[in-house]
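Beneath this line is the structure, given in structure tokens, with notes to follow.
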Protein chains: 2
Amino acid sequence: MDELTAIESLAALSQESRLRVFRSLVQAGPEGLAAGVIALELDIVPNTLSTHLAQLTRAGLIRRTRDGRIIRYAADNAGIRALLTYLLEDCCQGRPELCRPAVATVACC
Amino acid sequence: MDELTAIESLAALSQESRLRVFRSLVQAGPEGLAAGVIALELDIVPNTLSTHLAQLTRAGLIRRTRDGRIIRYAADNAGIRALLTYLLEDCCQGRPELCRPAVATVACC
DNA sequence: CCTATAATTCGATAATTCTCGAATCATGGA
DNA sequence: TCCATGATTCGAGAATTATCGAATTATAGG
């Protein structure tokens, strides 16, 4: 990942509505959620939500797929992983014992 | 971690200079770097850098310790870990096979 | 083809954030 | 005590970002 993409991703996440959308999609799993469903659940007007979803998509954090009239969004695991890797790059000066416990705690399961 | 802290952290990281400072400190390890050294290395005027460092510190991503006239900053691993955990919370719907590979790839060593 | 629905794009205003000169604070040494 | 140095705080102008009404696009069904 390059610096610009990282900044775009972090900026996308650093806003209340977008962070909530992102976390909802992370928790929703591979099937994701329809834009309209997200709008209802998080109480965001559709056009504003659309702007937010576009920003998260541009950043590579979520993906969109059309399903008839409905547009479905889901977390993009590759993009998320790339961002986390960029943040932690060369974090342990070659000494695994420094960063292994930290990374292990992040594991959610 | 609560939502406000997460947003503060992500906002702190979503700016070129601050992201560079953060990554420098992550790579510098536990001893960290003096404010003046960071200013020189990244070519940022001291007062602007000071504002950035304060923001990263408030967000819980870095720590400061005084060492005579010199103030030293270092990555705050607990804060960083808390942020990553918040982002990935409940990411795999109880199915470890979905997120374990993702997390493994993040490991830097 | 026409209508209804789901979603997006456009444009403008409101709010927030960035940057840096100037002034201030804290520490160590003469 | 006085000075020099490292660092921070303050304040204001410049730049960026957020939000939402109105208009537009895309699709499904009658």
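Quick note on labels: first sequence line is chain A, next is B, and so on, each numbered from 1. These numbers come from the heavy atoms of this one structure, side chains and all, not from hydrogens, waters or symmetry mates.
- Side-chain contact annotation: N47(A) with S50(A), donor-acceptor N/O pair under 3.5 Å absent.
- For S17(A) and R69(B), each mapped to the nucleotide of DNA chain D holding its nearest heavy atom, the one lying further toward the 5' end belongs to R69(B).
- Nucleic acid contact for A54(B): none, since no nucleic acid atom lies under 4.0 Å from a heavy atom of the residue.
- A cation-pi arrangement is not found for R81(A) relative to Y86(A), the charged atom failing to lie both closer than 6.0 Å to the ring centre and inside a 45° cone about the ring normal.
- Atom CD1 in I71(B) sits about 10 Å away from atom P in dA26(C), given to the nearest Å.
- Nearest to the side chain of A35(A), among dT8(D), dA7(C), dC18(C), sits dA7(C).
- Rounded to whole Å, the distance from CZ on R72(A) to C1' on dA7(C) is 14 Å.
- D2(A) CG: more than 12 foreign heavy atoms inside a 6.0 Å radius.
- Between Y73(A) and dA6(C), a side-chain N or O to OP1/OP2 separation shorter than 4.0 Å is absent.
- Atom-to-atom, CZ of R58(A) to P of dT17(D) comes out at 10 Å; the value is rounded to the nearest Å.
- Protein atom CD1 of I62(B) is 13 Å distant from nucleotide atom P of dA7(D), rounded to whole Å.
- Contacts between residues 41-51 of chain B and DNA chain D, counted as heavy-atom distances below 4.0 Å, involve P46(B), N47(B), S50(B).
- Taking the side chain as every heavy atom from C-beta outward, V21(B) and Y73(B) never approach each other to under 4.5 Å.
- Side-chain proximity of L53(B) to the nucleotides dT8(D), dA18(D), dA26(C) is greatest for dT8(D).
- At whole-Å resolution of the value, CG in L10(A) and P in dT17(C) are 16 Å apart.
- In this structure, Q15(B) does not reach the dT16(D) phosphate: none of its side-chain N or O atoms is under 4.0 Å from OP1 or OP2.
- Of the possible polar contacts, none joining the E16(B) side chain to the I7(A) backbone as a donor-acceptor pair under 3.5 Å is found.
- You'll find the side chain of L87(A) reaches within 4.5 Å of the side chain of L10(A), heavy atoms only.
- Proximity of H52(B) to the phosphate of dT19(C): a side-chain N or O atom is located under 4.0 Å from OP1 or OP2.
- Spacing between atom CD of E16(B) and atom P of dT17(D) amounts to 13 Å, rounded to whole angstrom units.
- Atom-to-atom distance recorded for R58(B):CZ and E8(B):CD is 6.0 Å, nearest 0.5 angstrom.
- Between the CD1 atom of I7(A) and the C1' atom of dT16(D) there is a distance of 14 Å, rounded to whole Å.
- If you check dA7(D), dT8(C), dT27(C) against the side chain of R64(A), the one that comes closest is dT8(C).
- R18(B) comes within 4.0 angstrom of the backbone, heavy atoms only, and of no base.
- Counting any heavy atom pair closer than 4.0 Å across all strands shown, Q55(A) reaches sugar-phosphate atoms only and no base atom.
- The side chain of R66(A) places an N or O atom within less than 4.0 Å of a non-bridging phosphate oxygen (OP1 or OP2) of dT27(D).
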